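As structure tokens, the structure follows; a few thoughts come after it.
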Amino acid sequence: MEQLTLALAKGRTAESTIELLNKAGIEFPDFHEKSRKLVFSNPEGTLRLIFVKAVDVCTYVETGAADVGVVGKDNILESGADIYELLDLKLGKCKFSVAGTQDTPPLEEAKKLVVASKYPRVAENYFNQRGIPITTIKLNGSVELAPLIGMADCIVDIVETGNTIRENGLKIMADIDDISTRLIVNKSSFATKTESIRQVIEQLKSGLE
Ligand SMILES: Nc1ncnc2c1ncn2[C@@H]1O[C@H](COP(=O)(O)OP(=O)(O)OP(=O)(O)O)[C@@H](O)[C@H]1O
Ligand SMILES: O=P(O)(O)OC[C@H]1O[C@H](OP(=O)(O)OP(=O)(O)O)[C@H](O)[C@@H]1O
């Protein structure tokens with residue numbers, strides 16, 4: 001059988017994804033939590049697993065460097081990649097929200113907003129759809145700081161437990177989208193390696209039951 005390359009997001013969802021793969025009967029015996037290895041194979045040699053930064057998974061899959069990928073919906077929306085999203089793996093659940101300080105006026109009253117985010121495309125799309133002009137400031141972390149120090153009116157960021165929002169005295173002003181980990185597929189690979197990809201999807205579905 002032909003080999004599939006699977007790009008998996010390093011970081012907070014990696015371990016639960018590997019657990020799901022194992023439940024689905026897909027094993028990478030050499031993998032362990034602290035390993036620095038980036039490429040693994042299953043014993044059958046039908047799957048090659050590559051570990052990449054979450055933000056890069058869509059690029060690997062869109063370019064065909066990987067046939068399939070496992071990545072958060074947040075990165076799919078931000079990348080705008082031309083790929084198929086075929087399965088919700090229901091891991092890494094969180095949401096995209098707009099948050100501001102207690103003094104930030106209601107969004108619908110805004111004439112123009114400065115929005116800080118790790119996800120500027122998601123922010124643009126959300127406010128454009130509502131006819132609210134914005135300037136985005138791209139940050140790479142500690143986004144909640146931006147409205148606190150007056151750098152931005154509000155933020156578009158991930159909320160999971162809500163602790164970061166609460167502990168920094170911010171308030172959620174709107175929810176944008178639910179996020180979870182998804183299986184994505186390269187469009188050409190789906191045409192040429194249909195059976196192998198379908199098999200992985202079926203296995204994952206059984207692992208989810
Ligand atoms: N509380 C959360 N904060 C951020 N991401 C979360 C959270 N809960 C679940 N996720 C999911 O986990 C994915 C990977 O998160 P992780 O923080 O490891 O990657 P990252 O954004 O590349 O981190 P970093 O830039 O700090 O390396 C996110 O893309 C998102 O889908
Ligand atoms: O609702 P919570 O459970 O508090 O989770 C949400 C927080 O977690 C993420 O940050 P992360 O830990 O990745 O750190 P970062 O600021 O470096 O992006 C995210 O950007 C929020 O800040």
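Just follow the structure's listing: the first ligand is 1, and inside any ligand the first atom is 1. Remember, predicted model here, so these are calculated numbers, not experimental data.
The shortest N or O to N or O distance between D157 and ligand 2 is under 3.5 Å. Looking at V159 next to ligand 2, no N or O pair under 3.5 Å apart turns up.
The closest side-chain heavy-atom distance from V122 to E78 is below 4.5 Å. The closest side-chain heavy-atom distance from L204 to L20 is below 4.5 Å.
At a 4.0 Å cut-off, at least one heavy atom of R12 sits close enough to ligand 2 to count as contact. Note on ligand 2: K118 sits in its first shell, one or more heavy atoms being nearer than 4.0 Å.
Among protein heavy atoms, atom 6 (C) of ligand 2 sits closest to I158 O, 3.3 Å. Annotation: atom 4 (O) of ligand 2 to nearest protein heavy atom, T164 OG1, 2.5 Å. Among all protein heavy atoms, the one lying closest to atom 17 (O) of ligand 2 is G141 CA, 3.8 Å. Nearest protein heavy-atom neighbour of atom 3 (O) of ligand 2: T161 OG1, 2.5 Å. For atom 22 (O) of ligand 2, the closest non-hydrogen atom on the protein side is E144 OE2, 2.7 Å.
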Q. What do the steps show when you test Q3 against T46 for side-chain hydrogen bond (donor to acceptor under 3.5 Å, both in side chains), and what is the final call?
A. CA-CA 4 Å; Q3 192 181 54; T46 53; over 6 Å; no
Q: Take I155 and E144 through the side-chain contact (heavy atoms from CB on, under 4.5 Å) test and state the conclusion after the steps.
A: CA-CA 7 Å; I155 59 171; E144 289 81 359; 3.9 Å; yes
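Checking R48 against S41 by side-chain atom types alone, no donor-acceptor pair falls below 3.5 Å.
For the side chain to side chain contact (heavy atoms under 4.5 Å, CB included) criterion with V68, the lone passing option out of I201, L8, L6 is L6. The salt bridge (charged side-chain N to carboxylate O under 4.0 Å, His left out) test with D88 singles out one residue from K73, K93, R182, and that residue is R182.
Relative to the six-membered ring of Y119, R121 misses at least one condition, a distance below 6.0 Å or an angle of at most 45° to the axis.
Expressed to the nearest 0.5 Å, how far CG of L86 lies from CD1 of I184 amounts to 9.5 Å. Distance CD/E109 to OG1/T104: 11.5 Å, rounded to 0.5 Å.
Residues that satisfy the ring-ring contact (aromatic ring centres under 6.0 Å, His included) test with F51, not counting sequence neighbours, are F31, F40.
Under 4.0 Å from any atom of ligand 1, one finds heavy atoms of residues G11, R12, T13, K53, A54, G72, D74, N75, G92, C94, K118, I158, E160, I179.
Among E160, R166, K95, the residue whose heavy atom lies closest to atom 5 (O) of ligand 2 is E160.
Taking a distance limit of 4.0 Å, we find that atom 15 (P) of ligand 2 is approached by some protein heavy atom.
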